[in-house]
Amino acid sequence: FPLNATNVNSSGVVGSLSATINSSDLSVANSSAWGAKVGAFFSALPWLGVEASYYERYPTIQQQGANLTFSGTAPGGTPFNTAGQSQFAIDIDYVRTLGLTTMAKLPTYGRIAPYAGAGIAVNFIGMKEGRSYDGAGTLAGRSASESDISVGPLVIAGVEGKINKSFSAFAETKFTRANYTLNQINFTYSDIVLLFGISMGF
């Protein structure tokens with residue numbers, strides 16, 4: 001469940017003017033996700049552990065309108081600040097997260113064991129194609145595939161239910177946030193992922 005792409009901005013040349021371009025937030029579509037994890041709890045502190053995880057999802061930014069503001073300085077030193085309308089679409093190939101978190105077991109309730117964790121994530125994003133349109137929706141330009149990497153926080157909360165001595169079923173949420181640059185456009189991406197699975201303990 002991605003949140004809006006926020007803090008969308010770019011710097012470039014509009015005609016003969018050097019400008020900073022800021023956009024309104026862009027809505028990002030929900031998508032499927034999958035992942036894997038491995039971890040261990042310490043024998044001396046059985047409620048405390050570490051976990052390494054990997055998961056990926058496939059959101060996209062569908063064609064939508066955006067409010068743009070252009071600000072800068074025109075030749076001759078005259079400042080300007082104008083507003084306009086445009087449309088954008090970005091075909092995102094993947095968003096991947098590789099995380100390392102400190103985990104804590106919370107008080108159990110019979111076979112039910114909640115847990116939580118916090119740590120750091122290395123986030124990867126890949127774009128198939130970006131498209132820009134004028135305010136009327138006429139295609140104005142396309143950008144080639146591109147990728148970027150960003151480091152951000154990773155927060156986990158979940159609950160585990162014992163099936164037997166070795167296997168458990170779990171449901172968990174993961175939150176991460178990252179700042180990316182694609183096609184010279186900077187934006188902040190964050191999402192909440194809901195995952196279900198089976199874990200095996202030793």
Side-chain angles (χ1 to χ4, degrees), residues 1-35 54-99 120-155 173-195:
F1 305 102
L3 307 179
N4 287 346
T6 60
N7 304 319
V8 183
N9 66 86
S10 180
S11 297
V13 177
V14 181
S16 61
L17 307 177
S18 296
T20 297
I21 305 168
N22 292 282
S23 169
S24 55
D25 295 348
L26 300 177
S27 177
V28 186
N30 296 335
S31 78
S32 60
W34 68 272
Y54 171 87
Y55 62 102
E56 66 178 67
R57 50 276 192 217
Y58 317 98
T60 192
I61 298 176
Q62 298 173 344
Q63 184 176 340
Q64 60 194 272
N67 300 315
L68 303 181
T69 59
F70 303 85
S71 58
T73 303
T78 303
F80 66 92
N81 194 327
T82 61
Q85 288 283 329
S86 185
Q87 296 185 38
F88 294 104
I90 300 177
D91 297 331
I92 298 176
D93 193 17
Y94 59 82
V95 178
R96 296 170 177 159
T97 297
L98 181 62
I120 192 169
V122 181
N123 295 291
F124 308 81
I125 192 169
M127 178 186 70
K128 290 181 181 178
E129 181 184 71
R131 296 180 297 279
S132 60
Y133 305 81
D134 62 20
T138 302
L139 182 65
R142 297 177 182 269
S143 61
S145 61
E146 195 172 352
S147 61
D148 196 18
I149 302 173
S150 177
V151 176
L154 178 60
V155 179
T173 60
K174 295 177 182 282
F175 169 83
T176 190
R177 179 184 177 94
N179 298 310
Y180 294 117
T181 300
L182 293 176
N183 192 32
Q184 298 181 322
I185 297 175
N186 312 304
F187 62 97
T188 299
Y189 174 92
S190 55
D191 62 21
I192 297 172
V193 178
L194 178 61
L195 296 169

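- The environment of CD in Q64 is crowded: more than 12 heavy-atom neighbours from other residues, nucleotides or ligands sit within 6.0 Å.
- In this structure, the side chain of S31 does not engage the main chain of R57 through any donor-acceptor pair within 3.5 Å.
- Residues I61 and A5 come closest through the heavy atom pair CD1-CB, 4.5 Å.
- Between V8 and S24, the closest heavy-atom pair is CG2-O, 4.1 Å.
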Could you go through the side chain to side chain contact (heavy atoms under 4.5 Å, CB included) check for Y180 and V95 one step at a time?
CA-CA 11 Å; Y180 294 117; V95 178; 4.3 Å; yes
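- Counting non-hydrogen atoms of other residues, nucleotides and ligands closer than 6.0 Å to CD of Q184 gives a total of 12 or fewer.
- Taking CH2 of W34 as the start and CD of E56 as the end, the distance is 5.0 Å to the nearest 0.5 Å.
- Nearest heavy-atom pair, A33 versus V193, reported as atom, atom and distance to 0.1 Å: CB-CG1, 3.9 Å.
- In F1, the CZ atom is not crowded: 12 or fewer heavy atoms of neighbouring residues, nucleotides or ligands sit closer than 6.0 Å.
- Taking CE of M127 as the start and OH of Y94 as the end, the distance is 11.0 Å to the nearest 0.5 Å.
- Looking at T60 and Q62, their side chains come closer than 4.5 Å, going by heavy atoms from C-beta outward.
- Atom CG of D25 and atom CG of N67 lie 10.5 Å apart (nearest 0.5 Å).
- Atom-to-atom distance recorded for D134:CG and Q87:CD is 7.5 Å, nearest 0.5 angstrom.
- A donor-acceptor pair is defined here as one N or O able to donate and one able to accept, closer than 3.5 Å; no such pair exists between the side chain of S11 and the backbone of I21.
- For the atom pair I192 CD1 and T173 OG1, the distance stands at 7.0 Å (nearest 0.5 Å).
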Please output the side-chain donor-acceptor pairs of residues 135-154 that fall under 3.5 Å, not counting sequence neighbours, one pair per line with the distance.
residue : atom : partner : partner atom : Å
R142    : NH1  : E129    : OE1          : 3.0
R142    : NH1  : E129    : OE2          : 3.1
S143    : OG   : G130    : N            : 3.1
S143    : OG   : G130    : O            : 3.3
E146    : OE1  : N183    : N            : 2.6
D148    : OD2  : T181    : N            : 2.8
S150    : OG   : N179    : N            : 3.2
S150    : OG   : N179    : O            : 3.1

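- Within the model, atoms OG1 of T97 and CG of D191 stand 6.5 Å from one another, a figure rounded to the nearest 0.5 Å.
- Side chain of S190 to main chain of R177: no donor-acceptor pair is present (N/O by atom type, distance under 3.5 Å, no hydrogens or angles).
- Side-chain contact between F187 and V28 is absent, with no heavy-atom pair separated by less than 4.5 Å.
- Nearest heavy atoms, Y133 versus S86: O-OG, 2.7 Å.
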Show your working on side chain to side chain contact (heavy atoms under 4.5 Å, CB included) between N186 and N7 and close with a plain yes or no.
CA-CA 7 Å; N186 312 304; N7 304 319; over 6 Å; no
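- Between S23 and L68, the shortest heavy-atom distance links the atoms CB-CD2, 3.5 Å.
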